[in-house]
Structure formats: C-alpha cells, structure tokens
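Notes follow the structure.
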Amino acid sequence: MIFKQKWSMALLSVLALLTLSACTEDQTKPASTSNNTTEEMDHSTMNHSSSGEVPATLKIAENPKFPVGSTAIITDGHMDGMKGAEAEIVGAYDTTAYVISYDPTTGEEPVKNHKWVIHEELIDPDEAPLAPGTEVKTDAAHMEGMENALVRIEEAVQTTVYMVDYTSTLNGEAVKNHKWVTEEELTSK
C-alpha cells in the first residue's frame with residue numbers, strides 16, 4: 001500500500017511539473033523598433049550593413065543638414081542597437097522615404113511598418129510621393145524576403161535620407177553603409 005502511495009505521489013508530481021511547464025509562456029518580447037508605432041518587428045533578418053551601392057537615379061543632397069563625413073547621434077532606432085549610437089554620415093540623398101508593410105517572399109510572418117524604403121527602391125512606381133495604401137513591388141533587399149515583394153505604403157516622408165556607419169549600442173558590432181536613416185532621426189552631437 002505504501003509503495004502504491006509513493007508511486008502515485010511521484011506520478012502526480014511529474015504530471016504537475018509537466019502541466020506547469022506547458023502553461024508557462026515566454027514573456028520576453030523583442031525591443032520595439034519604432035517610437036511611432038505599436039507594431040513590433042523582428043529585424044534579425046535585416047542586412048544591417050550594405051555594400052554602399054545606391055540606385056543610379058538617387059539624387060545626392062546638395063546642402064544636407066549632416067554633410068558626408070560629419071557625425072550625428074541616432075535618436076530613433078528602428079532596430080536594436082541604433083538609438084543613441086554615434087553615426088558617421090557616408091551618404092546624403094534627397095528623396096521620398098516610405099514606411100511599408102509587406103508579406104515576405106520567403107513565406108515568413110508579415111512585416112508591418114518597416115522603416116525605410118526609398119522611392120528609388122520601388123519597381124516602376126508612379127510619381128513620388130505615393131499615397132498610403134498604394135501597392136507596389138520593391139527591389140530593396142534590406143531584409144530577407146523583401147526583394148521583389150509587393151509592399152503597401154503606410155506613410156510617405158519627403159526628406160533627406162542618410163547612409164550611415166555606426167557601432168551598435170547593443171553588442172558593439174560595427175555596421176557599415178546602413179540604409180536608411182532620415183534627417184528627423186538624427187541630431188547634432
């Protein structure tokens with residue numbers, strides 16, 4: 001009888017542990033990628049660095065607030081490790097920048113409110129700026145599954161965009177030729 005009671009108690013203990021472990025959920029969430037949206041994005045597939053190549057039709061800014069070679073502080077990080085980082089300006093261009101949403105061509109979860117894709121990275125777009133709700137394909141490859149995806153324009157901003165080099169405040173990783181940071185996301189040192 002005592003053996004049966006010990007066996008029953010052991011079995012109940014194991015079942016209780018299994019039940020409790022199955023009921024817990026991961027409470028961690030990725031850091032917010034924008035101060036302006038309630039959506040959270042996973043930028044783990046984002047190409048933080050790039051080759052530095054830009055579309056041939058992209059217009060170099062004539063008198064940018066932050067000239068090439070100057071430094072600025074990134075005030076709005078749309079991915080972990082950007083906010084507060086010191087950025088060296090490696091390119092400044094006048095264009096229309098878009099916040100977009102899209103379904104990745106890889107079949108991954110939909111991406112909401114991605115910052116930024118520029119007008120020159122869209123395939124056969126109408127005249128800039130495109131209205132919110134407009135759907136168009138992009139040849140931007142900032143994230144895996146973005147290239148050739150059908151994107152929906154969420155917001156358009158006429159601005160100077162910057163390609164920047166910075167060191168991540170999260171892990172110390174050097175990021176080269178990051179595309180794109182808008183003028184509104186930078187401040188003087």
Requested in this report: State the OG-CG distance between Ser168 and Asp80, to the nearest 0.5 angstrom.
Outcome: 8.0 Å
Report task. Kindly write out the residues that satisfy side-chain contact (heavy atoms from CB on, under 4.5 Å) with Ile123, not counting sequence neighbours, or none if the list is empty. Result -> Lys137, Asp139, Asn148
Return all side-chain donor-acceptor pairs below 3.5 angstrom for residues 55-72, not counting sequence neighbours, or 'none' if the list is empty.
{"from": "Ser70", "atom 1": "OG", "to": "Pro67", "atom 2": "O", "distance (Å)": "2.6"}

Query raised in the report: How many angstroms lie between atom CG of Asp103 and atom CE of Met146, to the nearest 0.5 angstrom?
Result: 12.5 Å
Query raised in the report: Does the side chain to side chain contact (heavy atoms under 4.5 Å, CB included) test come out yes or no for Met163 and Val54, once each step is laid out?
Result: CA-CA 9 Å; Met163 187 182 323; Val54 297; 3.3 Å; yes
Requested in this report: Answer yes or no: is there a side-chain heavy-atom contact under 4.5 Å between Thr96 and Ile118?
Outcome: no
Report task. Applying side chain to side chain contact (heavy atoms under 4.5 Å, CB included), run through Leu186 and Ile74 and close with a yes or a no. Result -> CA-CA 5 Å; Leu186 296 172; Ile74 302 171; 3.9 Å; yes
Query - side chain to side chain contact (heavy atoms under 4.5 Å, CB included) assessment of Glu185 paired with Trp180 - result: CA-CA 10 Å; Glu185 295 173 321; Trp180 304 103; over 6 Å; no
Query raised in the report: Got Val136 and Leu130 here, is their nearest side-chain heavy-atom distance under 4.5 Å?
Result: yes
Report task. Might you point out which heavy atoms bring Pro125 and Leu122 nearest each other, and give the distance in Å? Result -> CD-O, 3.5 Å
Requested in this report: Over all heavy atoms of both residues, which pair between Ser101 and Glu154 is shortest? Give the atoms and the distance, please.
Outcome: OG-OE2, 2.8 Å
Query raised in the report: Distance only, no hydrogens: is a donor on one side chain within 3.5 Å (strictly under) of an acceptor on the other, for His142 and Glu121?
Result: yes
Report task. Could you tell me which non-hydrogen atom of Ala97 sits nearest to which non-hydrogen atom of Val161, and how far apart they are? Result -> CB-CG1, 3.9 Å
Query - Worked verdict on Tyr93 versus Tyr162 for side chain to side chain contact (heavy atoms under 4.5 Å, CB included) - result: CA-CA 6 Å; Tyr93 309 92; Tyr162 296 88; over 6 Å; no
Report summary line: Checking Glu120, Gln158, His119 against Thr95 for side-chain hydrogen bond (donor to acceptor under 3.5 Å, both in side chains), the one that qualifies is Glu120
**Report entry** CZ-OG1 distance between Arg152 and Thr134, expressed to the nearest 0.5 angstrom
**Finding:** 11.0 Å
Report task. Give the ring-plane orientation class for Tyr166 versus His178, where under 30° counts as parallel, over 60° as perpendicular and anything between as tilted. Result -> perpendicular
Report summary line: For Gly84 and Thr169 the tightest heavy-atom approach is C-CG2, 4.1 Å
Query raised in the report: If you measure only the distance, is there a donor-acceptor pair under 3.5 Å linking the side chains of Thr167 and Glu86?
Result: no
**Report entry** Residue pair Glu144 / Thr106, side-chain donor-acceptor N/O under 3.5 Å
**Finding:** no
Query - Glu183 and Thr159: side chain donor to acceptor below 3.5 Å - result: no
Query raised in the report: Under 6.0 Å from the CD atom of Glu109, do we count more than 12 heavy atoms belonging to anything else shown?
Result: no
Query raised in the report: Of all heavy-atom pairs between Gly145 and Tyr102, which one has the smallest distance, and what is that distance?
Result: O-CE1, 3.9 Å
Requested in this report: Using side chain to side chain contact (heavy atoms under 4.5 Å, CB included) as the criterion, point out the one residue from Val157, Val181, Asp76 that pairs with Lys115.
Outcome: Asp76
Query raised in the report: Which heavy atom in Val164 sits nearest to a heavy atom in Val90, and how many Å separate them?
Result: N-CG2, 3.9 Å
Requested in this report: Please report the C-alpha distance between Glu155 and Trp116 in whole Å, then the side-chain angles of each, then the deciding distance to 0.1 Å, and finally whether the side chain to side chain donor-acceptor pair (under 3.5 Å) criterion is met.
Outcome: CA-CA 10 Å; Glu155 181 182 349; Trp116 298 95; over 6 Å; no
